[in-house]
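Notes follow the structure.
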Number of protein chains: 2
Amino acid sequence: MLSDRQQLILNAIVDNYIHSAEPVGSRTISKREDIGFSSATIRNEMSDLEELGYLEQPHTSAGRVPSTKGYRFYVDNLIQPQHLSEAELGKLKQLFAERILHSEKVVEYTAQILSQLTNYTAIVLGPEIFEHRLKHIQIVPLNETQAVAIVVTHTGRVENKLIDLPEGIGPSEIERLVNLLNAKLTDVPLWQLKQRVYQEISGEMRRNAEQYEEMLMILDKSLKPEEERVYLRGATKIMNQPEFRDVDKVKDILELLEQQDQLLHLIGMPGEGLKVRIGQENQLDAIKQCSIITTSYSLGGKPVGMVGILGPTRMEYGKVISVLNYLAEGLSRMLTSQFEK
Amino acid sequence: MLSDRQQLILNAIVDNYIHSAEPVGSRTISKREDIGFSSATIRNEMSDLEELGYLEQPHTSAGRVPSTKGYRFYVDNLIQPQHLSEAELGKLKQLFAERILHSEKVVEYTAQILSQLTNYTAIVLGPEIFEHRLKHIQIVPLNETQAVAIVVTHTGRVENKLIDLPEGIGPSEIERLVNLLNAKLTDVPLWQLKQRVYQEISGEMRRNAEQYEEMLMILDKSLKPEEERVYLRGATKIMNQPEFRDVDKVKDILELLEQQDQLLHLIGMPGEGLKVRIGQENQLDAIKQCSIITTSYSLGGKPVGMVGILGPTRMEYGKVISVLNYLAEGLSRMLTSQFEK
DNA sequence: TGTTAGCACTCATACGTAACGAGTGCTAAA
DNA sequence: TTTAGCACTCGTTACGTATGAGTGCTAACA
């Protein structure tokens with residue numbers, strides 16, 4: 001375990017490096033107000049910290065830079081909760097105050113604001129809607145072979161899907177089916193829908209035995225959940241960081257962010273609550289010099305989506321964590337109140 | 001006007017520069033098979049071409065580079081139609097063959113393929129749906145004050161919008177309204193909808209005089225067209241270009257591309273048919289070293305959307321133009337056949 | 001008169017050297 | 001245990017020179 005003084009110095013180094021982006025030397029630290037030791041003492045401690053793996057030296061005559069292990073210790077033990085400024089709080093509150101039900105929009109704005117506030121890249125995973133309850137289902141035939149299935153949830157979210165119609169199914173059959181569904185399944189959470197179809201509807205449907213299979217197929221397709229939506233904002237912010245003035249590094253990162261499935265990978269961490277992945281801890285080479293902080297937001301206690309920030313390893317962890325926590329809490333409250341209506 | 005030989009040489013220079021990205025010297029040109037003159041002769045012509053404004057010299061002892069005027073002449077007079085390779089044709093045909101009606105998806109794939117084929121950034125503006133005909137309209141009340149309005153077109157496209165309900169309007173009134181709309185307005189093109197509402201529906205609606213205004217308000221909101229969707233793919237491709245190895249240049253461009261409204265600006269050129277905007281001809285500073293080629297695709301003869309390519313001024317104009325033309329034609333055919341069904 | 005060979009000149013780039021200075025590690029004194 | 005002092009390291013910067021691609025001009029040539 002690190003001594004108090006070692007922790008103090010490590011904290012000072014990380015802190016300094018986060019703001020200066022330059023390797024920090026012993027003299028710089030010794031001049032800080034919260035440090036009462038000469039540069040020589042600091043040098044000794046730095047040497048020890050390097051041996052222990054918390055610091056690294058780009059080259060002999062340079063200052064020290066935190067290693068991944070150093071950042072990890074900083075994040076786990078040294079970070080103090082940051083106060084958000086009035087302006088920041090204002091922006092966030094404004095977001096929650098907006099009376100937009102359309103959750104897609106809320107999520108989009110969230111990503112926007114998150115990126116603005118932190119000056120890093122924001123990644124937001126839209127809320128899964130399995131918890132939402134069915135308000136209305138509609139199947140609109142377009143011609144003999146195709147139809148559009150539309151599902152409206154009680155929160156006003158609309159999913160639509162183009163489906164192929166099996167042969168021999170006419171508009172009247174579809175109408176009967178839809179009426180049945182609306183009568184029986186309103187207010188059922190989406191995740192229960194398929195199951196309830198089998199429980200409650202299949203009996204009635206089986207009367208026209210020959211079309212039973214086809215009907216089930218239609219429903220099966222109609223109720224398949226939409227692919228997940230990821231929102232990315234401020235991807236170019238990384239270019240403001242001095243350590244990313246290199247096109248090749250930036251290219252790798254931005255190419256990664258262009259791919260939806262990779263984005264999902266990045267932000268789709270299991271479990272709820274705040275997670276920090278620092279530098280080398282990331283699997284993907286392109287972002288081994290980046291850190292990702294994510295947290296989940298929830299609806300009625302269950303996590304339904306994620307918000308995350310991607311920035312350089314040299315990230316303002318304290319601030320980002322505060323913003324994310326505050327935001328996720330607000331989003332959850334907002335969603336939940338909307339859900340309970 | 002340029003002499004034949006001047007045109008030959010200008011063509012050779014542009015051609016060479018497009019592929020090498022280096023200022024081209026007189027010797028390089030004189031060695032080309034299609035040129036039968038010594039480097040000295042070429043030098044004289046080059047000097048003249050520079051004086052005329054078609055070429056530029058980065059510095060005294062460097063070769064020449066085409067100016068915006070030079071590219072313009074090249075594009076307007078010298079370009080020969082390029083043949084697409086089997087592989088390229090294959091990819092494009094595959095796109096058209098896919099039986100996806102959901103036009104959003106088609107447009108998304110289009111952008112993807114365009115960027116893949118050209119190695120530049122693709123911007124695609126989704127088809128306006130004003131020409132699409134109403135298949136079904138539905139208003140689903142969520143609670144006392146809010147409802148979702150859903151419009152389905154005959155091509156299977158679904159637009160939805162959250163609307164506030166005026167006081168005193170109950171589910172039964174809404175149902176009456178919706179039934180009326182579906183009975184009277186099916187198969188009416190969306191752009192005529194509002195007008196037809198006033199012509200054909202207002203009479204019947206006026207019976208319940210007190211709610212007339214409110215009803216109109218609801219319809220007004222429901223029928224407001226969705227904001228336009230722009231798809232961007234391969235934004236990072238610009239980083240592969242040697243002249244964009246500079247983070248600051250790239251940053252300006254990518255920041256521009258991050259803004260939806262700016263994208264619309266870039267691609268939303270008036271009129272139909274192929275347009276090329278070269279380097280300095282662009283308004284925005286960030287892309288004064290880029291060229292944009294766009295063309296429109298149409299539905300039943302009317303232009304409804306745009307496809308475009310953004311690349312360095314030093315772009316493979318011939319190839320990009322061929323790909324865009326071929327693609328726009330195919331898209332138009334696809335949409336139109338779908339429209340006529 | 002148009003074309004070409006020859007040559008002096010220009011200028012960005014690469015390279016090697018030297019000076020600089022930020023920062024270290026070590027030693028010895030407080 | 002802490003700190004002042006000092007030699008040493010090594011990346012960065014500055015500068016002068018060599019290099020070479022490419023030009024413009026002149027004079028000879030077809």
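Numbered from 1 within each chain, the chains take letters A, B, ... in sequence-line order.
Applying the side chain to side chain donor-acceptor pair (under 3.5 Å) test to every pair with at least one member in residues 60-69 of chain A, sequence neighbours left out, gives these pairs: A:E50-A:R64. The side chain to side chain donor-acceptor pair (under 3.5 Å) pairs that include a residue from residues 15-31 of chain B are B:S26-B:R43, where partners are two or more places apart or lie in different chains.
More than 12 heavy atoms of other shown residues, nucleotides or ligands fall within 6.0 angstrom of atom CD in B:Q241.
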Distances under 3.5 Å only, N/O to N/O: pair up the protein atoms with those of nucleotides 11-15 of chain C.
unit_1 : atom_1 : unit_2 : atom_2 : d
C:dC11 : OP1    : B:T60  : OG1    : 3.0
C:dC11 : O4'    : B:S61  : OG     : 3.2
C:dC11 : O2     : B:S61  : OG     : 3.2

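An OP1 or OP2 oxygen of D:dG24 is reached within less than 4.0 angstrom by a side-chain nitrogen or oxygen of B:R64.
Checking side-chain atoms of A:T121 against main-chain N and O of A:G234 turns up a donor-acceptor pair under 3.5 Å. The backbone N or O of B:Y74 lies less than 3.5 Å from no partner atom in the side chain of B:N77, so there is not a single donor-acceptor pair.
A salt bridge between A:R245 and B:D248 is present, with a side-chain N of the basic residue lying under 4.0 Å from a carboxylate O of the acidic one. A salt bridge does not link B:E258 to A:R233: none of the charged nitrogens lies less than 4.0 Å from a carboxylate oxygen.
Taking the side chain as every heavy atom from C-beta outward, B:Q7 and B:M1 approach each other to under 4.5 Å.
Within residues 41-57 of chain A, the residues that place at least one heavy atom under 4.0 Å from DNA chain C are, in residue-number order, A:R43, A:M46, A:Q57. Contacts between residues 3-37 of chain A and DNA chain C, counted as heavy-atom distances below 4.0 Å, involve A:G25, A:S26.
By the side-chain hydrogen bond (donor to acceptor under 3.5 Å, both in side chains) test, B:Y317 is found to be paired with B:S291, residues two or more places apart in sequence or in another chain being considered.
The one candidate from A:D261, A:L257, A:L264 that meets the side chain to side chain contact (heavy atoms under 4.5 Å, CB included) condition with A:V230 is A:L264.
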